[in-house]
Amino acid sequence: VSRFGGDEFVFAKPLECADWQSELKLICDGLVDALCEPSTMDGLELFVGGSLGVAVYPDHQKSMSELLRCSDMALYEAKQSGRGQWSIFRQELEDRAKRRKRLENDMRGAIINRDFFVEYQPQVCAGQRKLKGFEALVRWQHTEYGLISPLEFIPIAEETGLIVELGEYVLRQACQTAVDWPLINGEACLVSVNVSPVQFFKQDLVATVLRVLSETGLDAKRLELEVTENALIKDAEDAARVLIALRAEGIRVAVDDFGTGYSSLSFLQQFPLDRLKVDRAFVKNLARGGNDYRIAEAIIQLGKSLGLNVIAEGVETQDQFETLTAINIDEIQGFLFSPPVSTAATLAMIVKANEIKNAFDDCLILDAAPELGVGA
Ligand code: C2E
Ligand code: CA
Ligand code: CA
């Protein structure tokens, strides 16, 4: 056993049984359990815990340095899957690490090259079925790997800090696009932009947003920023200050993925908010009467009693739509109406919404974007 540096330690142990996999499992389970045992120091009970990454000689590598590199990749995976886990190296981890490294290296150039682009997903008023606004969602058209999901590259951008530049790029694109949107039946169409916790704390978000608004000419009242609960909880006082400043400028604030984070209720009191987005997880299993149904219902009631607008995301079926409407949801977003679409398709939807005037029915958006393979 040796200390490798910082909070990293290396264990080397011969595997003696023919069935070394079972032996390894026994050792690793034992180590993780031992690390997770509380210990006492100066009368204080301490919980330390630890994660473990394993590489096996000679199966994975033959040199010490390469073995360490492999175990480090396994350790990364173990940490990703939560505290107190262990993982063993697999080739797949190396491929994943290589792809990750490549994306990390290519990201800055891709922002400059405009390989990132933004799609827009409509948000529809549930009662009247009127188009109200769009959420901006970023995509990466990578020169070699093709289209990459934000679920893969946003965490990398957050880790490297590039999310600050990328976030500003998306914000500018979204504002520029929204400026050109005509009114919908006399009302201004909103645009929602996702903001990462890192952007909250690594830059002067208020100044950036105001600069982009003035450069693009978008009315502040038409912009909404989506933040997650966890972003706000991290440094609640600072976050509240930022939100207050944004709202003083007329910018709206929505809490994204509501119900999946800490969801402390005092949080709703502490922060100035305009709307809650009920997370897709609750919408998915909305069968009448189940727990997810009750949670969705409670979130809607809670939001409304606080004077907030409540929107459900990930609505895919007519059944979910009707259930949510029956429990008074304000707005709906999801594949039922449309997936995120290009700037051109977005404009076509608005034009169509105006042609049909008040009767914004769900077939409208489906008609507007037939090439998008929308199935409802
Ligand atoms: P999110 O903010 O929760 O965005 C909603 C995600 O749900 C989008 O995935 C959207 O395409 C997907 N979605 C919409 N309707 C449905 C539906 O009916 N069913 C299902 N199964 N999914 C639906 P997408 O575009 O892959 O984005 C994933 C996440 O990446 C977003 O989750 C958001 O957290 C993040 N993201 C996307 N764009 C940005 C951005 O510009 N900045 C930041 N910081 N994060 C972004
Ligand atoms: Ca969002
Ligand atoms: Ca969400």
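What you are looking at is a predicted structure, and each value in this text was computed from that prediction instead of being measured.
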Decide whether Tyr120 and Thr343 meet the rule of one side-chain donor and one side-chain acceptor closer than 3.5 Å.
-> no
Is there a donor-acceptor contact under 3.5 Å linking the side chains of Asp257 and Thr260?
-> no
Using a 6.0 Å cut-off, check whether atom [atom1] of [X] has over 12 heavy atoms from anything other than its own residue.
| X | atom1 | result |
| --- | --- | --- |
| Arg102 | CZ | yes |
| Lys62 | NZ | no |
| Gln91 | CD | yes |
| Arg108 | CZ | no |
| Asp33 | CG | yes |
| Asp204 | CG | yes |

[atom1] of [X] to [atom2] of [Y]: how many Å apart, nearest 0.5 Å?
| X | Y | atom1 | atom2 | answer |
| --- | --- | --- | --- | --- |
| Leu103 | Phe153 | CG | CZ | 9.5 Å |
| Glu226 | Phe258 | CD | CZ | 14.0 Å |
| Arg275 | Leu190 | CZ | CG | 7.0 Å |

Start with the C-alpha distance between Tyr293 and Phe282, add both sets of side-chain angles, then the distance that settles ring-ring contact (aromatic ring centres under 6.0 Å, His included), and finish with yes or no.
-> CA-CA 7 Å; Tyr293 170 84; Phe282 305 114; over 10 Å; no
Under a 4.5 Å side-chain heavy-atom rule over Ile, Leu, Val, Met, Phe, Trp and Tyr, are [X] and [Y] clustered together?
| X | Y | answer |
| --- | --- | --- |
| Val32 | Ile88 | yes |
| Leu147 | Leu166 | no |
| Val341 | Val351 | no |

Please lay out, stage by stage, how Asp219 and Arg222 fare under the test salt bridge (charged side-chain N to carboxylate O under 4.0 Å, His left out).
-> CA-CA 6 Å; Asp219 180 356; Arg222 293 183 53 205; over 6 Å; no
Test log, rule side-chain contact (heavy atoms from CB on, under 4.5 Å), inputs Ser51 and Leu75 | CA-CA 7 Å; Ser51 310; Leu75 176 63; 3.9 Å; yes
Just do the side-chain contact (heavy atoms from CB on, under 4.5 Å) check on Asn291 and Arg294 with the steps written out, would you?
-> CA-CA 5 Å; Asn291 273 346; Arg294 288 191 203 97; 3.1 Å; yes
Could you check whether [X] pairs with [Y] (Lys NZ or Arg NE/NH1/NH2 to Asp/Glu carboxylate O, under 4.0 Å)?
| X | Y | answer |
| --- | --- | --- |
| Lys98 | Asp95 | no |
| Arg69 | Glu66 | yes |
| Glu316 | Lys284 | no |

Can the positive tip of Arg139 be found less than 6.0 Å from the middle of the six-membered ring of Phe116, inside 45° of the ring normal?
-> no
Determine the interplanar angle of the Phe337 and Phe321 rings, folded into 0 to 90°, and report it as parallel if under 30°, tilted if 30 to 60°, perpendicular if over 60°.
-> perpendicular
Report the C-alpha separation of Glu159 and Arg100 in whole Å, then their side-chain angles, then the decisive distance to 0.1 Å, and conclude whether the salt bridge (charged side-chain N to carboxylate O under 4.0 Å, His left out) test is met.
-> CA-CA 11 Å; Glu159 253 172 58; Arg100 204 190 143 81; 2.8 Å; yes
Counting distance only, does the side-chain N/O of Glu8 pair as donor-acceptor with the main-chain N or O of Arg3 below 3.5 Å?
-> no
Kindly determine whether Tyr169 and Arg114 satisfy side-chain contact (heavy atoms from CB on, under 4.5 Å), including the steps that lead there.
-> CA-CA 9 Å; Tyr169 176 79; Arg114 306 183 141 250; 3.8 Å; yes
In a check of side-chain hydrogen bond (donor to acceptor under 3.5 Å, both in side chains) between Ser192 and each of Arg252, Glu135, Gln121, Glu224, which one passes?
-> Glu224
Which residue, Glu313, Lys132, Lys277, forms the side-chain hydrogen bond (donor to acceptor under 3.5 Å, both in side chains) with Gln333?
-> Lys277
Run the ring-centre check on Trp181 versus Phe134 and record whether the distance is less than 6.0 Å.
-> yes
